[in-house]
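Accompanying notes for the structure given below.
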Amino acid sequence: MSETSPQSSGTTDFDTMTRDIAEVPAVEVIVTVAVNLMSAAAVKLGLTEEGDEHKDLDEARKLVHALAGLLDASTTEISSFHAAPLRDGLKSLQLAFREASVVPDEPGQGPGEKYTGPVYG
């Protein structure tokens, strides 16, 4: 029976993860991160089955802003095939944020609008 130390086991796992991520195209990584940001923002906006249980507009603002920045920065790197649905999702989240806010931000001041411009319904 061979024993492995936690250190060597951790190194093996890291090496495996590095090999795995090396095989993933950049577009797929960008889209996966964007979808994760969208999902997290939807939860923080109270748009899931749990509703208001996890609602936190301050957290939602950060996530939507980060998503907008990622999409803005990667526009030329990903095709419109990938970008269009992500932009639509971002706009939906921005509108949901505006609707959920007790005191809505001025046009152009909402989360991510620094990158997208003002969002109107």
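Here the CD1-OG1 distance, from Ile21 to Thr16, works out to 13.0 Å after rounding to the nearest 0.5 Å. To the nearest 0.5 Å, atoms OG1 (Thr75) and CZ (Arg87) are separated by 6.0 Å.
Criterion: ILVMFWY side-chain heavy atoms under 4.5 Å apart, direct or through other members. Under it, Leu70 and Tyr115 are not part of a common hydrophobic cluster. Cluster annotation: Val119 and Leu93 are assigned to distinct hydrophobic clusters (Ile/Leu/Val/Met/Phe/Trp/Tyr, side-chain heavy-atom contacts under 4.5 Å, transitive). Note on Val33: it clusters hydrophobically with Met38, by side-chain heavy-atom contacts below 4.5 Å among ILVMFWY residues. Hydrophobic clustering, with ILVMFWY side chains joined whenever heavy atoms are under 4.5 angstrom apart, keeps Val43 apart from Phe97. Note: the hydrophobic cluster containing Ile78 also contains Val35 (ILVMFWY, side chain heavy atoms under 4.5 Å, direct or indirect links).
Residue-environment remark: OH (Tyr120) exceeds the threshold of 12 foreign heavy atoms within 6.0 Å. Heavy atoms from other residues, nucleotides or ligands lying under 6.0 Å from CD of Glu99 number 12 at most.
Taking all atoms of both residues into account, the shortest heavy-atom contact from Ala41 to Ala60 is O-CB, 4.3 Å. Gly112 and Ala68 make their closest contact through CA-CB, 3.4 Å (heavy atoms, listed as atom of the first residue, atom of the second, distance). Pro85 and Ser80 get closest at one heavy-atom pair: CD-O, 4.1 Å. The nearest pair of heavy atoms linking Ser101 to Leu57 is CA-CD1, 4.0 Å.
Glu77 places none of its side-chain heavy atoms less than 4.5 Å from the side chain of Val27. No side-chain heavy atom of Leu86 sits under 4.5 Å from any side-chain heavy atom of Leu67.
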- prompt: Would Asp72 and Thr116 count as a side chain to side chain contact (heavy atoms under 4.5 Å, CB included) if you check the C-alpha gap in whole Å, the side-chain angles of each, and the deciding distance to 0.1 Å?
  reply: CA-CA 8 Å; Asp72 182 58; Thr116 64; over 6 Å; no
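A distance-only check finds a donor-acceptor pair linking the side chain of Glu113 to the backbone of Gln109 [under 3.5 Å]. Between the side chain of His54 and the main chain of Lys44, no donor-acceptor pair closer than 3.5 Å is present. At least one donor-acceptor pair closer than 3.5 Å links the side chain of Asp56 to the backbone N or O of Glu59. Counting only distance, with no hydrogens or angles, the side chain of Arg98 and the backbone of Asp105 share a donor-acceptor pair below 3.5 Å. The closest donor-acceptor contact from the side chain of Gln94 to the backbone of Pro111 lies under 3.5 Å. Panel note: side chain Asn36, backbone Thr32; a donor-acceptor pair is recorded below 3.5 Å.
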